[in-house]
Structures are given as C-alpha cells and as structure tokens.
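FYI, side chains are in, hydrogens and waters are out, and symmetry mates aren't considered; it's all heavy atoms of this structure. Residue numbers begin at 1 in each chain, while the letters A, B, ... track the order of the sequences.
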Number of protein chains: 2
Amino acid sequence: MNGKAADRTEAISADPASAHAAVDAAADNPLLLDLQVCFPLYAATNHITRLYGPVLARIGLTYPQYLVMLVLWEQAPQTVGALGARLHLDSGTLTPLLKRLEKAGLVSRTRDPEDERRVLVSLTDQGRALRGQALDVPATMAGNMNPEAIDALRETVTRLVDLLTGK
Amino acid sequence: MNGKAADRTEAISADPASAHAAVDAAADNPLLLDLQVCFPLYAATNHITRLYGPVLARIGLTYPQYLVMLVLWEQAPQTVGALGARLHLDSGTLTPLLKRLEKAGLVSRTRDPEDERRVLVSLTDQGRALRGQALDVPATMAGNMNPEAIDALRETVTRLVDLLTGK
DNA sequence: TCATATTATATTGTGCACAATATTATTGTA
DNA sequence: TACAATAATATTGTGCACAATATAATATGA
C-alpha cells in the first residue's frame, strides 16, 4: 500500500487531477497495474477453488463440475454449446468434464435428433438428486462471513464482471 | 438481474430489513448465491487469462509465467517458497513452471549454499531484459478501457481481495 | 444436385493447479 | 553422535483450460 494507493479514498471526489491513482502509479511503473489488478484476481479465484475443493469432494464434485451442475440445475437439458456460452468455456474443456460427469452417473449425453451435430446434456435422476446434497454448500462456504460481507462480495463481483465484459 | 438484485442500490441505506439481498435470495434458492458470486469470479479470471494469452505470446510467456516474472522483476532472487507465498501457489505448480522459464533462459535455479533445501530463483540478463518488452503489456490490455474504468477495476479487485482474505 | 461454406462437437498437445507423497537437508534433543 | 522431528522442494496423478485441428452434420448457392 504505497502513498498513491492511499490517495484513492479521496479520488472519489470530482477532482480530475487526482482521480486516477492507478494511472498515476502506472506512470512510474506500468507493470504495477497488472500486479495490482490481474494478479489479485487470479490469486482470489485460485483461493476460492482451493476452499471449495474439500467441501465439494464430499459430494464427489470438483469446483468446475459443481459450476456445470449449478447451471444444469437451473435448466436442463442444454447443448454443449449453450453450456459453454453460459460458462465461458470451450468444448476442449467441457467435453472431457462432461464425460466424467456422465461416467459418475450424474448426466447423460445424447445427440439431438433434430440436429445431429448437437449433443444434449441432461440430468439423470442421480444428478437431480445431488442437488439436495449441494444445497448446504454455499452456507458451508459462507461459514464465518457475515451477511453484510456476502452481500458486499456479490455486489463487488457483479461490478467486476460488468467492468470486464461489457463496461 | 432479478428484482431483489435491483434493490441493492438502496441497500446501502441503514435499513437492516433490506440490507441483505443475496441472503434473501438464498432463502429461495441457496445455490443462487454461488451462481452469482463464485461463478462470475471464475468466469472473469478465465476471461482475463484468455485476453492476455495472445499479447503475452508475443514475448514468449503464458499468463501465470508473466505473473511470476512480475514478482521477480519486483525482487530477485527469491526462493521457490517465497514465490509460492506471494503467488499463493504450491511447489507442484511452480517447479515445472520455473523449469520452463529456466529452459527459456529467463531465470536460473540454484540451491542456496546457506541452506541446501532452498532453491533460489534468479533473473538472467535475458530475464531482466524481457521487462522492457513487457512494459507496454498493461497499456495494450487496458486498450479501449478508459482510465476511470481501470481505476474502478483496481479498486473493485482490491475490495474483493479484502473481503475474501482478511475481512 | 452438388460442391462449398458454416456449424457443433471432439481430439490433440501444452501448460497450469493441487493433493498426496517422496526426497533431501536442517534442526532439536537425548 | 545418533535419531527423531521439521522444513523445503520435487514428483506423481488427476483434472481443468485453451489453441489448433479434425470430423461430421447442416445449410447455402450456383
């Protein structure tokens, strides 16, 4: 936390000369920007994945598999392409992951009779039933965070995604 | 963006009855919380990695390798353990990554004579020289984002990490 | 109709990322 | 000096994640 970063609390004011602390710091060392923005994001995501690992292992899922199941519990069946669009993942990632979920008996993969290029991913009874076991995962993970912190976190993440994707 | 999420703009007020939109939503569907918090974070990080890929490929680095080099450009030599602590990565990730950087001639790995258990990771001349080529990476990536957005992003990420780690 | 282009998924190869374990070096203690 | 305990890094095995490419089905146009 250097001096310029500390100035940020006042940069919310309308003074354009001091409104861009990161840009000011970048004038000295441009690489500081990535060290302050991209690296923390990367570290935070790894941290989350690591925290969920043991909890999800109890219901036999990895973190990416859990996210796929979350989306399928919202709506199924879905094509691989639709899943990829929703999750921002390509087929090279999804195909083997879905095959593992199929092998575990949680989903089924069938060619769409309407269009044989598509593969429909459906939930099996076992896959649907797993939702019941997953229901307390968020609360377990939230654990010792208070409601205000969780809500602030959700808002912050939403803002982050808005900034990154569309603006 | 459902109704409850939209209420969030007013939840900054002191009214405790409406202050926890995410928690309210979680009462209906607990899994919505992870779908709204963890998944966007995961997607955003993948998105960033994908964006940096082509730009970093021009200087022969992957995204995680770039982050390691950023840390080494701040301070070198460092032990593998110190790098891991800074990057929140374990030796199973760092060892092969560092070997690839060594093979590329950017770093050298030597046992610490003081304590032969430690491995010191140093920058080679070529590794130090690469910094010059990396200097415009942040600006290239910032590209079409305006300074306000970048600064907001940095602040958002900082807030996010505070919420996730300490709080 | 029949090539050509497009679309959807799968495959291959490289590089993370981590848990569990192994290896080697140091420290502590009797 | 032994010898257990601890510490630092490496290895192994599994599972993402993506770029590049391949395969197969559908759509398009002369």
(message) Using only atom types and a distance under 3.5 Å, with no angle test, would you say the side chain of B:Thr156 pairs donor to acceptor with the backbone of B:Ala152?
(response) yes
(message) Closest-nucleotide mapping onto DNA chain C: is B:Thr62 or A:Arg118 further toward the 5' terminus? I mean the 5' end.
(response) A:Arg118
(request) Look at A:Arg109 and C:dT9 and indicate whether a side-chain polar atom (N or O) is within less than 4.0 Å of OP1 or OP2. (result) no
(request) Compare all side-chain heavy atoms of A:Gln65 with those of A:Arg100 and state whether any distance is below 4.5 angstrom. (result) yes
(request) Measure the shortest side-chain to side-chain distance between A:Val68 and A:Leu72 over non-hydrogen atoms and say whether it is less than 4.5 angstrom. (result) yes
(message) Please report the distance, rounded to the nearest Å, between OH in B:Tyr63 and P in C:dC16.
(response) 13 Å
(request) Treat primed atoms plus P, OP1 and OP2 as sugar-phosphate and everything else as base, then score nucleotides 17-24 of chain C 5' to 3': B for base contact with protein heavy atoms under 4.0 Å, S for sugar-phosphate contact only, - for none. (result) BBB-----
(message) Please determine whether a side-chain nitrogen or oxygen atom of B:Lys99 lies at a distance below 4.0 Å from atom OP1 or OP2 of C:dC16.
(response) no
(request) Examine C:dG15: is either OP1 or OP2 under 4.0 Å from a nitrogen or oxygen in the side chain of B:Lys103? Give yes or no. (result) no
(request) Would you indicate which nucleotide in C:dG15, D:dT9, C:dA10 comes nearest to any side-chain atom of B:Arg111? (result) D:dT9
(request) Send over the distance from B:Leu56 CG to C:dG15 P, rounded to a whole Å. (result) 14 Å
(request) Can you tell me the distance, in whole Å, between the CG atom of B:Leu94 and the P atom of D:dA10? (result) 9 Å
(message) What is the distance, to the nearest angstrom, from the CG atom on B:Leu83 to the C1' atom on D:dA10?
(response) 16 Å
(request) Kindly say if A:Gln65 contacts the phosphate of D:dC16, meaning a side-chain N or O under 4.0 Å from OP1 or OP2. (result) yes
(request) For the pair A:Thr45 (side chain) and B:Thr45 (backbone), establish whether a donor and an acceptor sit closer than 3.5 Å, ignoring hydrogens and angles. (result) no
(message) Assess, by modelled atom type and distance only, whether the side chains of A:Thr79 and A:Arg118 contain a donor and an acceptor separated by less than 3.5 Å.
(response) no
(message) Expressed as a whole number of angstroms, how long is the span from A:Leu98:CG to D:dG15:P?
(response) 14 Å
(message) I need the single residue from B:Gln75, B:Arg128, B:Gln78 that forms a side-chain contact (heavy atoms from CB on, under 4.5 Å) with B:Leu123. Which is it?
(response) B:Arg128
(request) Can you tell me the distance, in whole Å, between the CG atom of A:Asp115 and the P atom of D:dA27? (result) 6 Å
(message) Expressed as a whole number of angstroms, how long is the span from B:Arg100:CZ to D:dA10:P?
(response) 13 Å
(request) Return the residues of residues 67-81 of chain A meeting this criterion: a heavy atom under 4.0 Å from some atom of DNA chain D. Order them by number, or give none. (result) none
(message) Nearest whole Å is fine: how far is C:dC16 C1' from B:Tyr66 OH?
(response) 18 Å
(request) Indicate yes or no: at least one non-hydrogen side-chain atom of B:Arg111 is less than 4.5 angstrom from one of B:Val119. (result) yes
(request) Verify, without hydrogens or angle tests, whether A:Trp73 (side chain) and A:Gly127 (backbone) share a donor-acceptor contact under 3.5 angstrom. (result) yes
(message) Measuring only between side-chain heavy atoms, which start at C-beta, is A:Val71 closer than 4.5 Å to A:Leu83?
(response) yes
